[in-house]
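Below is one structure, written out as structure tokens; comments come after it.
Since the structure is predicted, the reported quantities are computational estimates derived from the model, not experimental observations.
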Amino acid sequence: MKTLHAYIKFLGLKKRINLSIITKKNRWADAEYEPDYSDKTGRLIAHNITIYLKDNSRDFETLLAHELIHAWQEENKKLEIHGKHFQRMAKAMQKAFALEKIYWAGVDED
């Protein structure tokens with residue numbers, strides 16, 4: 001998956017990414033991010049991303065970029081959800097990859 005590799009390289013992500021693609025709709029979100037921390041050491045060991053494919057408001061590549069920015073936040077200890085760091089990275093990725101609405105004001109709120 002060329003796009004995934006390009007996004008990971010752009011963001012400089014180092015930890016494992018577990019990507020799940022679900023063909024149904026989720027009532028609450030088009031995609032979800034959850035970090036995975038070691039029970040023993042408390043260190044970040046992986047990123048868990050789930051993308052739901054049915055009836056999304058954004059395309060797959062945009063949802064993937066959005067959730068990978070959350071992974072970037074976690075690796076870089078940016079303790080916010082859709083704050084200034086997220087929005088700056090979203091703008092940079094939109095420009096670099098010709099995407100729209102990685103951060104969508106009025107939809108993506110803290």
Do [X] and [Y] come close enough that some side-chain heavy atom pair is under 4.5 Å?
X      : Y      : answer
Ile45  : Lys15  : no
Arg88  : His85  : yes
His47  : Glu75  : yes
Glu32  : Asn26  : yes
Leu19  : Asn48  : no
Lys101 : Asp108 : no
Phe86  : Ile69  : yes
Lys24  : Asp55  : no

request  = Ignoring hydrogens and angles, tell me if any N or O in the side chain of Asp59 forms a donor-acceptor pair with the backbone of Glu61 under 3.5 Å.
outcome  = yes
inquiry  = Between Asp30 (side chain only) and Tyr52 (backbone N and O only), is there a donor and an acceptor less than 3.5 Å apart?
reply    =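 No, Asp30 side chain to Tyr52 backbone: no donor-acceptor pair under 3.5 Å.
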task = Using side chain to side chain contact (heavy atoms under 4.5 Å, CB included) as the criterion, point out the one residue from Ile102, Ile49, Thr50, Ile51 that pairs with Leu63.
result = Ile51
According to a 4.5 Å side-chain heavy-atom criterion applied to Ile, Leu, Val, Met, Phe, Trp and Tyr, with indirect links allowed, do [X] and [Y] form part of one hydrophobic cluster?
X     : Y      : result
Ile81 : Trp104 : no
Trp72 : Tyr37  : no
Met93 : Val107 : no
Leu44 : Leu11  : no

message = Run the side chain to side chain contact (heavy atoms under 4.5 Å, CB included) test on Leu79 and Glu74 for me, step by step, so that the C-alpha distance in whole Å, both residues' side-chain angles and the decisive distance to 0.1 Å come before the verdict.
response = CA-CA 8 Å; Leu79 304 176; Glu74 201 69 29; 6.0 Å; no
task = Indicate the atoms forming the closest heavy-atom contact of Arg16 with Asp36, along with that distance.
result =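 Between these two residues, the closest heavy atoms are NH2-OD2, 4.2 Å.
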Geometric class of the Phe97/Phe10 ring pair [parallel <30°, tilted 30-60°, perpendicular >60°] = perpendicular
request  = Classify the angle between the aromatic ring planes of Tyr103 and His82 as parallel (below 30°), tilted (30 to 60°) or perpendicular (above 60°).
outcome  = tilted
inquiry  = Looking at Lys91, I'd like to know if its NZ atom is crowded, meaning that more than 12 non-hydrogen atoms belonging to other residues, nucleotides or ligands lie closer than 6.0 Å.
reply    = no
inquiry  = With no hydrogens and no angle check, just 3.5 Å: does a side-chain donor-acceptor pair link Tyr7 and Glu67?
reply    = no
key: CA sep, side-chain torsions, deciding dist, call: Tyr33, His66, ring-ring contact (aromatic ring centres under 6.0 Å, His included)   = CA-CA 9 Å; Tyr33 168 77; His66 180 106; over 10 Å; no
